[in-house]
Amino acid sequence: MGTYSSKGFGTPIIRGFIAILVGLITVIWPGYVQDFIVKFIGIALMVSGAVSFIIYFSKKKKEEEGLPAVAIPFGGIVSFILGLIMVIKSAFFMGILLFLLGFLLIIGALGQFMVLLASRRTFSVPPILYLFPSVVFICGIIIIFNPFASAIALLTFFGAVAIFYGVVELIETGRFEKR
């Protein structure tokens, strides 16, 4: 059967169902998913910081045995504290992340406008080419001025795309399985 075999965990059928499930959860409960994402990143940072502490203290014992001195894990301390704050204040961090995303979209759109304007010197640029950077610029402005509503909209869009991907994956797999 090749790539589209229905045997094993990493198959297209399983991927399709997982994508649909993730998409449905994201579309139905985008606020919870948003909170979960930030808290998940916070927990990952806390684990990373904790691991650096464990490594530091295990090497500290070896230092007592005559091995070279170990530096205090400042990166681990900062990582752990940042992760803890992200878990406690997840909504605040989501706002910051979205503000940065909006800023990057605006910068990217301005860069595209500059390229289009510079290209006009060399050849004719159809006005339709200004549409995409305009949409990106407007999205960036909307995200900056209304980050929390934008987060819900972005997550809902992501969920819809995940559902679409899952359905397409299942349809394509069904087509290939019949052959």
Side-chain angles (χ1 to χ4, degrees), residues 3-55 73-112 131-177:
T3 321
Y4 287 96
S5 173
S6 60
K7 297 175 183 147
F9 180 74
T11 65
I13 291 173
I14 300 296
R15 281 194 315 260
F17 281 122
I18 289 173
I20 291 170
L21 179 65
V22 167
L24 285 172
I25 290 170
T26 305
V27 166
I28 295 169
W29 298 295
Y32 292 115
V33 172
Q34 168 187 332
D35 192 51
F36 173 78
I37 290 169
V38 175
K39 287 183 178 179
F40 180 79
I41 294 169
I43 290 169
L45 286 170
M46 288 173 62
V47 168
S48 170
V51 167
S52 69
F53 287 133
I54 293 168
I55 291 171
F74 288 111
I77 293 168
V78 171
S79 180
F80 186 84
I81 292 171
L82 180 63
L84 183 63
I85 294 170
M86 285 180 80
V87 169
I88 295 169
K89 297 282 190 182
S90 60
F92 172 74
F93 274 95
M94 183 52 94
I96 290 173
L97 291 174
L98 285 168
F99 182 79
L100 290 174
L101 173 64
F103 182 72
L104 290 174
L105 288 175
I106 290 170
I107 297 297
L110 291 175
Q112 289 178 340
L131 180 64
F132 183 70
S134 298
V135 169
V136 170
F137 184 80
I138 291 168
C139 288
I141 294 292
I142 290 170
I143 289 173
I144 282 178
F145 287 108
N146 198 357
F148 298 106
S150 300
I152 300 298
L154 288 171
L155 286 169
T156 303
F157 177 73
F158 168 77
V161 169
I163 292 169
F164 178 74
Y165 167 78
V167 169
V168 169
E169 187 77 16
L170 292 175
I171 291 170
E172 291 297 318
T173 301
R175 280 185 173 170
F176 284 106
E177 286 289 326

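Values below: all heavy atoms of this structure, side chains included; hydrogens, waters and symmetry mates excluded. Bear in mind the structure is a predicted one, so any value in this text is a computation, not a measurement.
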Original post:
Can you check side chain to side chain contact (heavy atoms under 4.5 Å, CB included) on F92 and V38, steps first, answer last?
Top reply: CA-CA 10 Å; F92 172 74; V38 175; over 6 Å; no
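- The distance from the CD1 atom of I106 to the CD1 atom of I144 is 3.5 Å, given to the nearest 0.5 Å.
- Between I163 atom CD1 and I25 atom CD1 the span is 10.0 Å, to the nearest 0.5 Å.
- Nearest heavy-atom pair across A109 and P133 is CB-O, 3.3 Å.
- Scanning all heavy atoms of the two residues, the minimum distance from S79 to G49 falls at OG-N, 3.9 Å.
- Residue G76 comes nearest to S52 through the heavy atom pair CA-OG, 3.0 Å, listed as atom of the first residue, atom of the second, then distance.
- Atom CE of M86 and atom CD1 of I37 lie 10.5 Å apart (nearest 0.5 Å).
- Smallest separation of non-hydrogen atoms from L155 and T26: O-CG2, 2.8 Å.
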Original post:
Given L21 and F17, is the side chain to side chain contact (heavy atoms under 4.5 Å, CB included) satisfied, shown in steps?
Top reply: CA-CA 6 Å; L21 179 65; F17 281 122; over 6 Å; no
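- One distance of note links CD1 of I138 with CD1 of I141; it measures 9.0 Å at 0.5 Å rounding.
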**OP:** Give the C-alpha distance, both sets of side-chain angles, the deciding distance and a yes or no for side chain to side chain contact (heavy atoms under 4.5 Å, CB included) between F93 and L82.
**Re:** CA-CA 10 Å; F93 274 95; L82 180 63; 3.6 Å; yes
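- Distance CG/L170 to CD1/I20: 4.5 Å, rounded to 0.5 Å.
- With rounding to the nearest 0.5 angstrom, the CD1 atom of I43 is 10.5 Å from the CG atom of L84.
- Remark: side-chain polar atoms of S48 are not paired, donor with acceptor, to backbone N or O of A44 under 3.5 angstrom.
- The minimum heavy-atom distance linking G83 with M46 is given by the pair C-CG, 3.5 Å.
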**OP:** Please test I77 against F53 for side chain to side chain contact (heavy atoms under 4.5 Å, CB included), starting from the C-alpha separation and ending with a verdict.
**Re:** CA-CA 8 Å; I77 293 168; F53 287 133; 3.4 Å; yes
